[in-house]
Peer 1: 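One structure is given below, represented as structure tokens, and several questions about it will come after.
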Amino acid sequence: MTTLAPPAPTARRAPWRIAWASMIGTSLEQFDFYLYAYFSAFFVGPLFFEPLGPAGAALASFSTIAVSFVIRPVGALVFGHMGDRRGRRATLLWTVSLMGVATGLIGLLPTYAQAGWLGAIGLVLLRLVQGVSLGGEWGGSVLLATEHARPVRRAFYAAIPQLGSPIGSILSAAVFIVLSLTLPEAAMASWGWRLPFFLAIPLLLVSLYLRRSIEETPEFLRMAREGRRDRTPVRDMLRTRPMALLVAIAAAQLGIGSYALMNTYTMNYGAEVLGFPYMQLLTAATIGALLQLVTVPLFGALAARTGSALVVGVGAAGTALIALPMYALLGSATFSVLVAMMVIGGILPTMSWAALGGLMSDLFPGSFRTSALSFAYAVAATVSGFVPLLTGVLGTATGQAWWHPAAVLIALSLVTLAAAIAAGRRDARR
């Protein structure tokens with residue numbers, strides 16, 4: 001008796017093509033997010049919260065970052081339910097549209113000098129929309145990539161959407177670097193800061209085209225055909241896998257929190273406290289992000305061979321070990337040392353970031369996997385969203401002691417390390 005080999009994937013279902021489309025959409029989401037992170041580090045306080053003074057405006061600026069994180073679990077529940085009931089692809093069309101439109105509108109907001117507190121109110125509302133969008137984006141994007149791939153390759157394809165973070169960081173930093181080099185400082189503060197936000201609209205159109213051109217995942221189509229779609233995915237997720245949710249939330253702390261610490265707080269801290277020119281900080285962060293274009297897929301391939309939990313754990317342990325030496329050097333760093341810090345300090349957290357999607361996907365069944373991944377990631381992001389604000393409070397309380405950002409980075413690393421160990425044990429029991 002002969003057996004028939006499974007049909008080769010069509011062009012619309014080729015895993016690399018799906019992963020590419022998924023990564024492009026995530027890059028847009030992350031471009032919009034990091035665009036605001038750089039924007040908040042240098043411009044939000046003076047433009048929208050001027051009456052609060054330099055320190056108060058800086059804290060208010062970081063608070064607008066936290067606001068978008070707080071609302072993420074709401075977006076995760078809404079879009080997670082949609083992803084498990086109506087499909088991963090349809091959900092991602094909604095999330096990327098919300099993000100693109102909200103980001104473009106930020107570029108139209110009036111400053112405090114133009115309309116008082118009206119601009120700040122509008123800024124907070126649009127940040128809420130961005131947070132709702134991001135709440136549903138990551139889980140659906142990872143599943144769109146992994147559920148088209150063979151099981152043995154899923155950890156690798158789960159890493160591809162993670163490239164969206166360094167790509168978004170590179171593009172947003174590059175935009176600000178170019179504008180800063182071509183526009184006088186007064187023009188940048190007056191109207192030049194608006195231009196990057198308008199770029200979200202053409203990028204949105206490209207992302208929508210790519211995501212509309214691909215098919216729904218075979219796993220979801222199979223569940224729909226067999227009548228196995230979960231009617232209450234969120235309830236069943238909370239009822240049947242509460243410990244897995246806690247593990248997933250903890251595992252994401254370093255991957256998300258280190259970005260918030262390095263790309264937002266350290267940027268502001270380096271400029272305001274240590275006196276680095278912000279162009280040097282942007283350039284160093286961009287060089288570090290460029291390296292991740294290579295390390296993320298490499299760590300994804302490593303996770304496919306050795307296990308996602310192991311890669312996440314090694315990255316977390318290594319980050320905890322280098323945190324104190326890294327920040328000890330920062331106070332007296334030259335530009336070359338600053339670049340080295342961004343490169344070395346980015347490699348180990350990137351291990352945990354690259355393998356995160358694979359670790360989380362292994363924890364949950366397909367019937368409520370979108371809800372679970374989206375919710376766990378959103379809750380983790382909500383906690384991490386307060387990292388710049390809490391690190392700033394710690395810095396104020398310690399008189400800007402050199403070690404205060406390192407203490408936060410070590411705490412994030414230890415939480416993720418414990419989660420990776422727990423996830424590895426769950427895998428071993430299967």
Side-chain angles (χ1 to χ4, degrees), residues 15-16 18-20 22-23 26 80 83 88 137-166 217-220 237 241 243-256 258-259 292-319 347-366 368-378 380-381 415-430:
W16 64 267
I18 305 297
W20 174 258
S22 181
M23 183 268 290
T26 305
R88 298 19 170 162
E137 167 67 24
W138 186 83
S141 183
V142 167
L143 293 186
L144 193 67
T146 59
E147 290 183 355
H148 279 276
R150 299 193 312 273
V152 294
R153 299 286 291 166
R154 285 187 172 182
F156 171 73
Y157 282 106
I160 300 303
Q162 304 295 69
L163 285 170
S165 187
T217 71
E219 187 163 344
F220 179 81
M237 166 192 73
R241 297 293 177 95
M243 291 307 299
L245 273 174
L246 290 177
V247 169
I249 291 167
Q253 289 304 312
L254 177 61
I256 308 172
S258 63
Y259 270 90
Q292 291 177 350
L293 299 182
V294 177
T295 57
V296 166
L298 286 179
F299 291 142
L302 180 63
R305 293 177 63 87
T306 65
S308 298
L310 177 62
V311 175
V312 170
V314 170
T319 303
I347 288 176
L348 290 166
T350 298
M351 291 186 72
S352 297
W353 173 250
L356 180 62
L359 182 150
M360 284 193 180
S361 296
D362 291 341
L363 292 174
F364 305 102
F368 54 75
R369 192 175 286 146
T370 311
S371 296
L373 264 66
S374 297
F375 185 72
Y377 187 86
V415 170
T416 293
L417 176 60
I421 293 171
R425 288 177 177 173
R426 292 176 69 92
D427 289 343
R429 289 197 298 268
R430 288 192 180 127

Peer 1: What is the distance from atom OH of Y377 to atom CG of L356, rounded to the nearest 0.5 Å?
Peer 2: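 Result: 7.5 Å between the selected atoms.
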Peer 1: Side chains of L363 and R241, heavy atoms from C-beta outward: is any pair under 4.5 Å?
Peer 2: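 No, every pair of side-chain atoms sits at 4.5 Å or beyond.
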Peer 1: Working to the nearest 0.5 angstrom, can you tell me the gap between M351 CE and L310 CG?
Peer 2: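 Rounded to the nearest 0.5 Å, the CE-CG separation comes to 7.5 Å.
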Peer 1: Is the side chain of S141 donor-acceptor paired with the backbone N or O of E137 at a distance under 3.5 Å, no angle test?
Peer 2: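 It does not hold such a pair.
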Peer 1: For the pair W138 and W353, name the ring-plane relationship: parallel under 30°, tilted 30 to 60°, perpendicular over 60°.
Peer 2: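 Rings of W138 and W353: tilted, as their planes differ by 30° to 60°.
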Peer 1: L359 and A420: which non-hydrogen atoms are nearest, and at how many Å?
Peer 2: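 Heavy atoms only, the tightest pair is CD1-CA, 4.4 Å.
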Peer 1: Give, for atom CG of L293 and atom OG1 of T350, the distance between the pair rounded to the nearest 0.5 Å.
Peer 2: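 Going from CG on L293 over to OG1 on T350, the span is 10.5 Å.
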Peer 1: For the atom pair CD1 (I347) and OG1 (T295), what is the distance rounded to the nearest 0.5 Å?
Peer 2: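 Rounded to the nearest 0.5 Å, the CD1-OG1 separation comes to 6.5 Å.
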Peer 1: Give the minimum heavy-atom separation between L254 and G315, together with the two atoms involved.
Peer 2: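 Where L254 meets G315 most closely, the heavy atoms are CD2-O, 4.2 Å.
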Peer 1: Ignoring hydrogens, what is the shortest heavy-atom contact between G140 and S374? Give both atom names and the distance.
Peer 2: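 It is N-OG, 4.2 Å.
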Peer 1: Of I421, L417, T416, which is the lone residue that meets side-chain contact (heavy atoms from CB on, under 4.5 Å) with V312?
Peer 2: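 Filter result, single survivor: T416.
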Peer 1: At their closest point, which heavy atom of A248 faces which heavy atom of A376, and how far apart are they?
Peer 2: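 Shortest heavy-atom contact: CB-CB, 3.6 Å.
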Peer 1: How long is the gap from CD1 on I160 to CG on L144, to the nearest 0.5 Å?
Peer 2: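 These two atoms lie 13.0 Å from each other.
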Peer 1: Could you walk me through whether Q162 and F299 pass the side chain to side chain contact (heavy atoms under 4.5 Å, CB included) test, one step at a time?
Peer 2: CA-CA 11 Å; Q162 304 295 69; F299 291 142; over 6 Å; no
Peer 1: Grab the two heavy atoms, one from A309 and one from G424, that are nearest each other, plus how far apart they are.
Peer 2: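 Closest heavy-atom pair between A309 and G424: CB-N, 3.7 Å.
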Peer 1: Using a 4.5 Å cut-off on heavy atoms from C-beta on, say whether the side chain of V142 contacts that of M360.
Peer 2: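 Heavy-atom side-chain distance check fails, nothing below 4.5 Å.
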Peer 1: Using modelled atom types and a 3.5 Å cut-off, is there a donor and acceptor pairing between side-chain atoms of S352 and backbone atoms of A316?
Peer 2: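 A pair under 3.5 Å: yes.
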Peer 1: For V415 and Q253, work out which heavy atoms get closest and say how close.
Peer 2: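 Nearest pair, atom of V415 first, then Q253: CG1-CG, 3.8 Å.
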